[in-house]
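Take a look at the structure set out below.
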Amino acid sequence: MTEITRLFDFPYYQLETYNLDAALVTKYNGTWVKTSTKDYLDKANAMSRALLKLGIQKNDKIAVISTTNRTEWNIMDIGILQLGAQNIPIYPTICAEDYEYVLNHSESTYCFVSDVDVLAKVRKVQANTKIKDVYSFDHIEGCKHYSELFELGKDESTQPEVEARKAAVSPHDLATIIYTSGTTGKPKGVMLSHNNITSNALDASFRLPLLKDTETRILSFLPICHVFERVLIYLYQYAGASIYFAEAIDKIGDNAKEIKPNLMSVVPRLLEKVFDKIIAKGEDLPGIKKSLFFWAVRLGETWKPYGANGAWYEFKLKIANKLIFSKWREALGGELHTMVSGSAALQPRLSRIFAAAGMQVMQGYGLTETSPVISVEMYANHHFRVGTVGKPIKNVDVKIADDGEVLVKGPNVMLGYYKDPEKTAEVMTGDYFHTGDKGMIDDDGFLKITGRKKEMFKTSGGKYVIPPLLENDMKQSLFIEQIMVVGEGEKMPAAIIQPNFDFIRGWIADKNLKIGTTDVDIANSEIVIKRIQKEVDKYNKNFGKWEQIKRFELTPDIWSIDGGHLTPTMKMKRAIIIDIYQDLYDKIYRV
């Protein structure tokens, strides 16, 4: 039996243990196309042989950029890694100038792209890089198709050399450099070894309810270039699960109905959007149906794990499930029982409601630098507690520094930042990595994250404010799409808010209000501003007077990755948002 110590060992283990007919499944031209474990490895080996012919040496860097998750990404991953070369995944949504920076900083020599949009950005900067050639997964005129390399690698006479290269790869060799999305400054290249990621996938595997004796269907849509989804992909291979790659984020509902997934990973922003759509549909229901719908939602808001609310609550929950929540599950295929959430804090309210609806959300915590999983919830064995990120996984040691910072030690901690020993030294104290997050560990060993060290600020009155706590509460409002709390060094906390334009347009129509419905009209409407003030007042009550939001301004546009407001993992670029809306900031504090 294959011992898993390097990333390319995962599919070989799967071949020996499960030999799946549908290891990786991607939709092409309206049809789901299955790739078996054997075909997956045959293609990966053909790719390795082709890369040998292209002259790829140990420690060469090959960039892979894809707008969607797909079978080809995984074939490339294994084909590159088993030669002792490194896979450099790049976020497709960053600008061409950032492509140029990452391609040059990583010294990538070949680049694989998914489609015409990514190709256009690469072509724009290719002359300024060391990229010798570009191959595409889609058929694009004027670009070599990656299938040409299967032809090049058809000759199996060089397979012994591939095997020799594989054997020479040490678990502690560099496997990949993942460039952090960068809320400030240039992205840093996080160096992760085979052992970093492999140990993390294996140690985290105990926390996921993956059935080894029946087929588990996974829907994958979070960017595979992000270490969170990538580690899960290896973990799913280890567990013998069939991985279906969603066509796009706006096709998740359709794809879920088609494949009926049992498990998928999410980010809180997605769950917030899903929940907002569910609530909007509930608002449109007539009479008794609407009353029943919101009765079920209120019931869900008070859910507690392990039947802690008692038999009468569980009886009412059964009724709510039959009448209301079953329809929510059907919208996602009907068989989804678990979602793994990462990347940002999840509102406890959503955790309760989705769990009440039979779709438990297991919140996890980690960073790219920790490969990434530090802790994650699990419903079994009482490892689940709302408002926490679970307990640290096996072999990962977490301690809280005197200033409240979360420190981590374990085999998952990165090798360092590529070409940047100074920044590496800044985040390490001995074997402990400084996460930059503040947290606490309760008496039962559950970890709770309270905010980023850098995001916490002090007002001119000397009072500390933790923006994410306020922001998460305020985002429960259907009127608020995005919110950023500001006020460092100022006399009071305030907020810059992006209204939920779609919801507000529906609200305007329902109320027959005589106001314009463009985004600019909404952001400038006194009626809308007064209504959002009611929402702010409502959630302010949960906080001390010194940290309550005293003023806010609405932005007339939607915050986006392309607009520079958000990172590719949907985190706010706080300094840039203030820069973009300096006029609104000045209106709050200077006028």
Side-chain angles (χ1 to χ4, degrees), residues 183 268-269 272-273 276 344-345 347 349 451-452 454-461 463-508 511 513 515-560 563-566 570-591:
T183 52
R269 192 77 205 101
E272 289 162 12
K273 282 179 172 290
D276 287 353
Q347 296 170 16
R349 174 172 172 248
R452 290 287 292 168
K454 289 178 183 174
E455 288 172 356
M456 189 168 81
F457 63 76
K458 196 189 279 189
T459 60
S460 59
K463 297 288 189 181
Y464 280 105
V465 176
I466 303 174
L469 299 181
L470 286 149
E471 291 158 358
N472 272 343
D473 251 30
M474 297 283 170
K475 278 197 293 184
Q476 293 181 56
S477 166
L478 292 171
F479 288 83
I480 297 171
E481 177 81 9
Q482 298 274 16
I483 176 169
M484 190 178 87
V485 175
V486 296
E488 182 168 9
E490 305 288 358
K491 61 185 177 183
M492 66 193 179
I496 296 171
I497 295 173
Q498 184 227 301
N500 185 339
F501 294 113
D502 288 340
F503 175 79
I504 292 171
R505 271 186 277 275
W507 175 75
I508 289 168
K511 300 283 184 185
L513 299 172
I515 56 178
T517 55
T518 69
D519 293 354
V520 173
D521 289 336
I522 288 169
N524 292 317
S525 164
E526 283 301 320
I527 294 172
V528 172
I529 290 167
K530 280 181 182 173
R531 185 63 189 79
I532 290 178
Q533 182 67 61
K534 281 179 72 175
E535 297 293 297
V536 170
D537 292 345
K538 173 184 169 184
Y539 292 106
N540 262 342
K541 289 174 184 172
N542 299 333
F543 297 92
K545 283 192 176 178
W546 74 92
E547 57 190 340
Q548 291 176 358
I549 292 168
K550 305 297 190 295
R551 287 193 57 187
F552 64 85
E553 290 292 332
L554 305 183
T555 70
D557 40 39
I558 294 168
W559 300 4
S560 66
H565 310 83
L566 308 175
M570 306 298 283
K571 294 186 182 79
M572 289 186 292
K573 293 185 173 181
R574 293 179 184 268
I576 290 172
I577 290 170
I578 287 179
D579 193 46
I580 292 171
Y581 300 115
Q582 188 66 50
D583 58 328
L584 298 181
Y585 186 90
D586 290 343
K587 195 174 170 186
I588 292 169
Y589 291 114
R590 308 285 177 257
V591 175

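All values below were derived from every heavy atom in this structure, side-chain atoms included, with hydrogens, water molecules and symmetry-related copies excluded.
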Considering only NZ, NE, NH1 and NH2 on the basic side and carboxylate oxygens on the acidic side, decide whether K454 and E488 come within less than 4.0 Å.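 So K454 does not pair with E488 through a salt bridge.
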
Does the pair D276/K273 count as a salt bridge with the N-to-O cut at 4.0 Å? no

Could you go through the side chain to side chain contact (heavy atoms under 4.5 Å, CB included) check for H565 and M572 one step at a time? CA-CA 6 Å; H565 310 83; M572 289 186 292; over 6 Å; no

Exercise: identify the closest heavy-atom pair between [X] and [Y]:
X: P268; Y: A344; answer: CG-O, 3.3 Å
X: I504; Y: P499; answer: CD1-CB, 3.6 Å
X: L566; Y: K573; answer: O-CE, 3.9 Å
X: N540; Y: Q548; answer: O-NE2, 3.1 Å
X: P467; Y: F457; answer: CG-CE2, 3.6 Å
X: P468; Y: R574; answer: CG-NH2, 4.2 Å

Should [X] and [Y] count as side-chain neighbours, where that means a heavy-atom distance under 4.5 Å?
X: D519; Y: D557; value: no
X: I577; Y: T555; value: no
X: M474; Y: F552; value: no
X: E471; Y: Q482; value: no
X: I508; Y: I522; value: yes
X: I580; Y: W559; value: no
X: W507; Y: L513; value: yes
X: E547; Y: V485; value: no

Identify which one of I496, V536, I549 satisfies the side chain to side chain contact (heavy atoms under 4.5 Å, CB included) criterion when paired with I483.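 Output: one option passes, namely I549.
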
Quick check for you: to the nearest 0.5 Å, what is the distance between [X] atom [atom1] and [Y] atom [atom2]?
X: D586; Y: E553; atom1: CG; atom2: CD; value: 11.0 Å
X: M492; Y: T459; atom1: CE; atom2: OG1; value: 11.0 Å
X: K475; Y: I480; atom1: NZ; atom2: CD1; value: 10.5 Å
X: T517; Y: F501; atom1: OG1; atom2: CZ; value: 11.5 Å
X: I515; Y: D521; atom1: CD1; atom2: CG; value: 8.0 Å

Is it the case that atom NZ in K550 sees more than 12 heavy atoms from other parts of the structure closer than 6.0 Å?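 Check passes, neighbour count above 12.
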
Start with the C-alpha distance between E481 and D502, add both sets of side-chain angles, then the distance that settles side chain to side chain contact (heavy atoms under 4.5 Å, CB included), and finish with yes or no. CA-CA 10 Å; E481 177 81 9; D502 288 340; over 6 Å; no

Distance-only, no hydrogens or angles: does the Y581 side chain make a donor-acceptor pair with backbone N or O of L554 under 3.5 Å?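 Judged by distance alone, no pair lies under 3.5 Å.
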
Report the C-alpha distance between R349 and E272 in whole Å, list the side-chain angles of each, state the deciding distance to 0.1 Å, and finish with yes or no for salt bridge (charged side-chain N to carboxylate O under 4.0 Å, His left out). CA-CA 10 Å; R349 174 172 172 248; E272 289 162 12; over 6 Å; no

For S477, the option from R531, E535, K534, K538 that meets side-chain hydrogen bond (donor to acceptor under 3.5 Å, both in side chains):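 One option only clears the test, and that one is E535.
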
Do Y539 and N472 have a side chain donor and acceptor closer than 3.5 Å? no

Please walk me through it: do L469 and F543 pass side chain to side chain contact (heavy atoms under 4.5 Å, CB included)? CA-CA 9 Å; L469 299 181; F543 297 92; 4.1 Å; yes

Kindly determine whether M484 and I578 satisfy side chain to side chain contact (heavy atoms under 4.5 Å, CB included), including the steps that lead there. CA-CA 9 Å; M484 190 178 87; I578 287 179; 3.4 Å; yes

